[in-house]
Participant: 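Have a look at the structure that comes next, please.
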There are 2 protein chains.
Amino acid sequence: MTVDGRLARGERTRTAVLDAAVSLASANGLDGLSLGHLADSLGVSKSGLFAHWRSKEALQLATIDRAVTQWQERIIAPALRAPRGVRRIRALHEARIDFYAAQVLPGGCFFATTEFEFNARPGAVRDRLAEVFAAWTAFLERLVREAVDLGELPSDVDAALLAYEIDACGIAAAMRSRLLDPETTYRHARLGVLGRLRALCPDLTLLPEGQS
Amino acid sequence: MTVDGRLARGERTRTAVLDAAVSLASANGLDGLSLGHLADSLGVSKSGLFAHWRSKEALQLATIDRAVTQWQERIIAPALRAPRGVRRIRALHEARIDFYAAQVLPGGCFFATTEFEFNARPGAVRDRLAEVFAAWTAFLERLVREAVDLGELPSDVDAALLAYEIDACGIAAAMRSRLLDPETTYRHARLGVLGRLRALCPDLTLLPEGQS
DNA sequence: TAAAGAAGACCGACCGGTCGTATTTATTTC
DNA sequence: GAAATAAATACGACCGGTCGGTCTTCTTTA
């Protein structure tokens with residue numbers, strides 16, 4: 001952000017803290033996140049955290065923003081490398097399931113965990129999560145409309161409904177994979193979207209580049 | 001359970017406590033459930049709860065069982081009044097969305113909230129939730145297979161996959177309805193399953209009795 | 001009168017948050 | 001260039017509050 005070396009180092013520290021916070025919160029929730037445990041896992045003191053964020057809520061909001069950045073890097077960016085249209089929709093869903101299957105977060109999905117944790121608790125955290133969720137939904141709908149505009153999907157497709165169905169397959173995967181058999185869950189999540197797209201767009205190969 | 005009047009009255013007390021626990025836990029989670037708040041909401045003392053359950057975990061497990069009973073009464077029982085096959089599948093899904101839309105629980109869905117809360121926390125609560133989830137999944141699959149056996153669905157339908165897609169529409173409704181527009185969410189949840197069933201079974205009317 | 005049940009004070013542990021202190025780092029002065 | 005000083009930073013003890021859980025006491029009922 002600035003040319004100052006000290007602040008840059010501080011930014012790196014902040015990012016490391018927030019990465020750990022995303023990981024812990026994905027398992028225990030943003031409210032269940034203990035600042036003492038977070039500090040211990042990083043080998044720093046709890047009071048030091050308050051030099052970077054004035055309160056736990058401020059750290060929670062920063063953690064959400066960090067999770068958004070991770071999501072953009074791990075799921076959205078790979079999908080945007082696929083060509084517009086149905087193949088990009090599928091690439092986005094596949095990247096999402098890949099991310100879950102890679103088990104980088106102990107809770108499976110940071111957003112699913114925290115959104116269920118806060119969906120009945122008014123406050124700044126809930127409002128921010130609602131914003132993020134609305135933006136994600138709008139992004140998915142935009143991808144579907146692009147496929148319609150390209151003629152890959154029938155023009156009478158309900159873009160919002162199809163986006164809902166695709167997202168639902170991902171949400172369900174986040175929940176089931178930790179309680180039931182993960183392999184079966186991920187296969188269903190992938191096949192559900194694949195079958196839906198194939199039914200609407202039978203003449204287009206949906207295989208990403210380089211895969212069988 | 002017994003003929004004893006005192007114990008029967010105790011059973012009623014237990015049920016009232018557990019109903020309140022289901023309601024509170026649907027919003028704040030089973031771990032976020034405060035025994036003090038639970039006792040206050042019922043006008044009883046916190047220590048009195050320990051006369052009925054030896055620990056918080058025991059009360060949490062009993063709360064899960066109570067939520068299962070509520071689910072059976074509110075969702076499964078109405079669906080079983082519909083004729084076997086595709087119409088019963090749809091009746092089950094509609095009863096589920098109706099239950100969410102009725103807003104009887106502040107958290108929307110007890111199981112969604114608690115399963116995301118505990119899916120990364122080993123222990124008795126998580127194991128019980130996994131059992132309940134597995135039983136629900138098996139029940140859904142059984143309904144789909146019945147529809148296949150009746151010839152209402154093509155014989156090459158993947159019952160587990162279709163059950164996954166139907167459940168996913170419900171899970172997503174539980175999450176989105178509290179953060180995004182509930183009306184739109186419930187409409188998508190209903191249309192998603194309805195469209196899926198209509199595509200597989202075009203010659204069967206899916207309207208429940210008495211509805212337009 | 002005896003027995004059973006609820007109530008509320010109480011305990012140790014953990015929470016988010018604050019503050020005085022000590023260590024370190026960087027700058028200045030001899 | 002070395003020593004001394006000043007400023008920034010991180011630490012850990014500590015605070016009030018809430019948690020799950022226990023225990024003694026009091027009320028009530030048979």
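By convention in this document, chain letters (A, B, ...) are assigned in the order of the sequence lines, proteins followed by strands, and residues within each chain are numbered from 1.
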Participant: What is the per-nucleotide protein-contact pattern of nucleotides 11-30 of chain D, from the 5' end, where B denotes a base atom under 4.0 Å from a protein heavy atom, S denotes such proximity for sugar-phosphate atoms only, and - denotes neither?
Facilitator: BB------SBBBB-------
Participant: Sort out for me which residue in A/Thr114, A/Leu61, A/Thr63 forms a side chain to side chain contact (heavy atoms under 4.5 Å, CB included) with A/Val125.
Facilitator: A/Leu61
Participant: Can you confirm whether the side chains of B/Arg176 and A/Thr137 place a donor and an acceptor under 3.5 Å from each other?
Facilitator: yes
Participant: Let me know which of B/Trp136, B/Tyr100, B/Phe118, B/Trp71 forms a ring-ring contact (aromatic ring centres under 6.0 Å, His included) with B/Phe111.
Facilitator: B/Trp71
Participant: Just by distance, with hydrogens left out, do A/Asn28 and B/Glu117 show a side-chain donor and acceptor under 3.5 Å apart?
Facilitator: no
Participant: Residues two or more places apart in sequence or in another chain: which of them pass side chain to side chain contact (heavy atoms under 4.5 Å, CB included) with A/Cys169?
Facilitator: A/His93, A/Val193, B/Tyr164
